[in-house]
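Okay, structure first, notes after.
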Number of protein chains: 2
Amino acid sequence: MDKIEVILKSALKLFVGFGFHATPTSKIAKEAGVANGTLFHYYNTKEELILALYKHTQGQLSTYVQPKVSKEDSLEMVFRSIYTNTIEWSVENKAESAFIQQFSSSPLHSLISPEDMNSQAAILLDFIHEGIKTANLKHLPADLLQTLITSHISGVTQYLLAGEFSKVKQNKIIKESFELLWDMIT
Amino acid sequence: MDKIEVILKSALKLFVGFGFHATPTSKIAKEAGVANGTLFHYYNTKEELILALYKHTQGQLSTYVQPKVSKEDSLEMVFRSIYTNTIEWSVENKAESAFIQQFSSSPLHSLISPEDMNSQAAILLDFIHEGIKTANLKHLPADLLQTLITSHISGVTQYLLAGEFSKVKQNKIIKESFELLWDMIT
DNA sequence: GTCTATACGTTGATAGAC
DNA sequence: GTCTATCAACGTATAGAC
């Protein structure tokens, strides 16, 4: 694992545990097993590091979810796939999803440029527009639908993270909660 | 307005704008128009101040929502009332709801004792149990229902805060989105 | 209760050798 | 690219006068 990866991984762990500003760069370097100066060789400022970590983590989620979506699938399959895979990734990558959540509700979030903001979200929005046009989805404002879907996903994720569920039970919950959502928006 | 209120109000504003740790106590005192020492007369540490502010703000929300819930009402009316009033308060108190959100996804949240954690949530959960028992609500795990309701509320709140809606339009959105939720869980 | 002044540790960031 | 050494600035918290 190259230094940059170790640094990001250490930063993630500490940020989730203590928060951005309560985590000194010195501790990040120590946790990563590199010198303090090394960290500043890769990132000019601490803020730059935080932003890079956010983009990196968001990118991992996208990389996990997007390849599993195919234009060939029915619209329901597309939504089901995005839904299921987002939740699965979040549960399997607890620290990463906690970090995304924490970052998104922090003031730093406003520093992310609209383009960088979640290619994920853009894709979902596209499918929503298509769904409305083809009357698969209810005729509601697209961004209302988007926010309802996203919130629903984060709700179920929270629920799964709070309890300890077997893989089988977890899949059952995801499946059933998707039906609830799908019935709601179609 | 007494000093303690001014301090909390100033802290809230700055925390929302810059985050907990990026906001020095000196700036809070300055914004509040009091001396640095005065702040530490009321709160022994900065962390204590943050926790107090959270409880204070959460209390304001509860005070707004709970009195409007009556045991006399039908279960649907109770849910509708909690739903509507929570969203209304959040939209009218943008900074406060942003702070609650930010605090809840921060590591500090784990410092809140279960009892302090949201009398709001406890009440909602009670009604959910009642709804399941009387078969008004779908037979699903109570805390899954709770998280779905809560997430739905925060989704609609986000949507309303992102756009600029007239009061009339806003009420219409709240009403319609409640119907969506209600259909989903009954 | 409120203020001023200040102590003292910590932190982000730099310089420069290897 | 990576390290060690270092610093200036800052931030929390305290002491003590009023």
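Predicted model, so just to flag it, every value in this text is computed and none were measured.
- Taking the six-membered ring for Trp and thresholds of 30 and 60 degrees, A:His152 and A:Tyr83 have ring planes inclined between 30 and 60 degrees apart.
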Could you run down the sub-3.5 Å N/O contacts of the protein with nucleotides 3-7 of chain C?
unit_1: C:dC3; atom_1: OP2; unit_2: B:Ala35; atom_2: N; d: 2.8
unit_1: C:dC3; atom_1: OP2; unit_2: B:Thr38; atom_2: OG1; d: 2.4

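- Side chains of A:Tyr64 and A:Gln60: a donor-acceptor N/O pair is absent below 3.5 angstrom, by distance only.
- Taking the six-membered ring for Trp, B:Tyr159 and B:Phe165 have ring centres closer than 6.0 Å.
- Distances shorter than 4.0 Å separate some side-chain N or O of B:Thr25 from OP1 or OP2 on D:dT12.
- Of all nucleotides listed (C:dT2, D:dG11, D:dT2), C:dT2 comes nearest to the side chain of B:His41.
- A:Asn136 meets the side chain to side chain contact (heavy atoms under 4.5 Å, CB included) test with A:Leu75, A:Thr134; sequence neighbours excluded.
- You'll find that the side chain of B:Lys46 is closest to D:dA13, out of D:dA13, C:dT2, C:dG12.
- Comparing D:dT12, D:dT2, C:dG12 by their closest approach to the side chain of A:Tyr42 singles out D:dT2.
- Spacing between atom CG of B:Leu49 and atom P of D:dG11 amounts to 16 Å, rounded to whole angstrom units.
- B:Lys172 and B:Glu176 are joined by a salt bridge, as a carboxylate oxygen and a charged side-chain nitrogen come within less than 4.0 angstrom of each other.
- As rounded to whole Å, 13 Å separates atom C1' of C:dA13 from atom CD of A:Glu48.
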B:Lys55 vs B:Ile112, side chain to side chain contact (heavy atoms under 4.5 Å, CB included): CA-CA, chis, key distance, verdict:
CA-CA 9 Å; B:Lys55 289 177 199 169; B:Ile112 299 289; 4.3 Å; yes

